[in-house]
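Report on one structure; see the data block that follows.
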There are 2 protein chains.
Amino acid sequence: MTDSIKEPLKDKIIEHIYNAIVNEEFKGGDQIKELHLANSLNVSRAPIREALSELVSLGILEQKTRKGVFVKEITSKDIFDTYESKGILEGFLALEFILRASKEDFKKLYEYVDEMSIETSDRKKIVKIGELFHKTTLKYSKNRTLLDFLEKINKKSQILFYKNWAKLYSKEEVKQRHLKIIKALESQSKTLIESTIREHYFETGTKIVLLREVK
Amino acid sequence: MTDSIKEPLKDKIIEHIYNAIVNEEFKGGDQIKELHLANSLNVSRAPIREALSELVSLGILEQKTRKGVFVKEITSKDIFDTYESKGILEGFLALEFILRASKEDFKKLYEYVDEMSIETSDRKKIVKIGELFHKTTLKYSKNRTLLDFLEKINKKSQILFYKNWAKLYSKEEVKQRHLKIIKALESQSKTLIESTIREHYFETGTKIVLLREVK
DNA sequence: TTATAAAATATTGTCGACAATTTAACTTAA
DNA sequence: TTAAGTTAAATTGTCGACAATATTTTATAA
């Protein structure tokens, strides 16, 4: 692990565990043993424990008292629930957008949608633009409680479901899906906005689950 | 602190801090110093740190790197947001109820409402019954992500806003407010259910904030 | 051989100490 | 007296060791 000054060890350890999970060095059900990690990273158990408990609170790991910390098994239900939750939260939070959005905000949304579908965009870039799109729809939201929670969910799903994002939708589909959200926002109808955004994520959750079941 | 075997120290410490906050021995903005707590509870800093970081993740305390852990200042906005969030979550989660609820479930809801308004019930009991009421409306909800989050919010608001619950509503008002929710559930209309439950909490949040501003 | 009990090992929980950093107290200069 | 700089104290971050518990291995008996 590279060490720079100032940043607490805990945070670097968290990063390390993230990567280990993404790279499937740690798999669902695996126990993460403090001393092993400590030795392999050349640190003591103290910052390891801090990192672990933070990841437990994020819902990525699971603590069993006096047994240890384990990588959570991800069920299809978990995935579905996660996307459903994103839909509920973003659907509501985006309502602030219609109260405050400027012409420029909408213009930006259309720009993002265009970028999603241009030939040269690779998957990774499209994901990135998607994030910007959704962040824009939330830019006027002020409910810290819900925003923080949404952030946690996003972090978690980024880590756990990253692999699935690969070929869920074609470029054209991505474009259409997001255009639909813009149309809903333009309609100014609260119920339409909420249901559209919910549907947006519901569809993705369902798709990922299906993909998994097949495999 | 009373010590019994088996339970990790961390949990007892958390309990202790809860109480200290409720009893206003710790006030918003106060720094909680590890060594002080450790000494006064006759334990080492290790379990103290674990307890603190858990309360940080609950959102009750706030960590500033290398500065310390502080009791969060609660603003009116926080209170409002918390109740708004409860409304959003419960409003959605309760939708499962109408798909699966039996006659007995509804009967139970009516019973709770009755208990709320009988002469002998004191404030504390009414709060307790209120919890049972809401728990019942969620009994068929299965989205772990949202349920866990709601639980966190409830825990937090119990600790932080407990004092406010005293005289927000008269017994009759409490009854009417919950009857309204039952009626919404009976209507089977999803939009009505969600908006009613949202309104239910929105009203409470607004009231608490008003009460605060006056004082 | 298999099942059970005992011993040995591994792992988490807790502790006290030191290091790094921040905060408070003190000094000195204007 | 006040402001800035310096020193001392307090506080968090990290460490290695021991205690308590859980797991694995070994030994024993049927």
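None of these values were measured; they are calculated from a predicted model. Per chain, numbering begins at 1; letters A, B, ... match sequence-line order.
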Residues forming a side-chain hydrogen bond (donor to acceptor under 3.5 Å, both in side chains) with B:Glu34, sequence neighbours excluded: B:Arg45, B:Arg49
According to side-chain contact (heavy atoms from CB on, under 4.5 Å), who are the partners of B:Phe80, at least two apart in sequence or on a separate chain? B:Glu84, B:Phe202, B:Thr206, B:Val209
Reckon A:Ile32 touches a base, only the sugar-phosphate, or nothing at all at heavy-atom distances under 4.0 Å? sugar-phosphate
When the axes are fitted on five pairs at both termini, how much does the helix from C:dT1-D:dA30 to C:dA30-D:dT1 curve, in 10° steps? 0°
Tell me whether the side-chain N/O atoms of A:Gln31 come closer than 4.0 Å to OP1 or OP2 in C:dT12. yes
Interatomic distance where CD belongs to B:Glu50 and P belongs to C:dT12 [whole Å]: 12 Å
Short heteroatom pairs, N/O only, protein and nucleotides 7-10 of chain D, under 3.5 Å:
none

What verdict does the side-chain hydrogen bond (donor to acceptor under 3.5 Å, both in side chains) test give for A:Ser85 and B:Asn143, after you've listed the backbone C-alpha separation in whole Å, the side-chain angles of each residue and the deciding distance to 0.1 Å? CA-CA 8 Å; A:Ser85 304; B:Asn143 185 323; 3.3 Å; yes
Is the closest side-chain donor-acceptor distance between A:Tyr169 and A:Thr204 under 3.5 Å? yes
Between atom CD of A:Glu54 and atom OG of B:Ser53, what is the distance when rounded to the nearest 0.5 Å? 8.0 Å
Just the atom pairs and distances: protein N or O near nucleotides 17-20 of chain D's N or O, under 3.5 Å.
none

Identify, with sequence neighbours excluded, every residue that meets side-chain contact (heavy atoms from CB on, under 4.5 Å) alongside A:Asp148. A:Arg144
Salt-bridge present (A:Glu96, A:Arg100; N to O < 4.0 Å): yes
Give a yes/no verdict on a cation-pi contact between A:Lys139 and A:Phe97, requiring under 6.0 Å between NZ or CZ and the six-membered ring centre and an angle within 45° of the axis. no
Between the NE2 atom in B:His134 and the CG atom in B:Leu150, the distance rounded to the nearest 0.5 Å is 10.0 Å
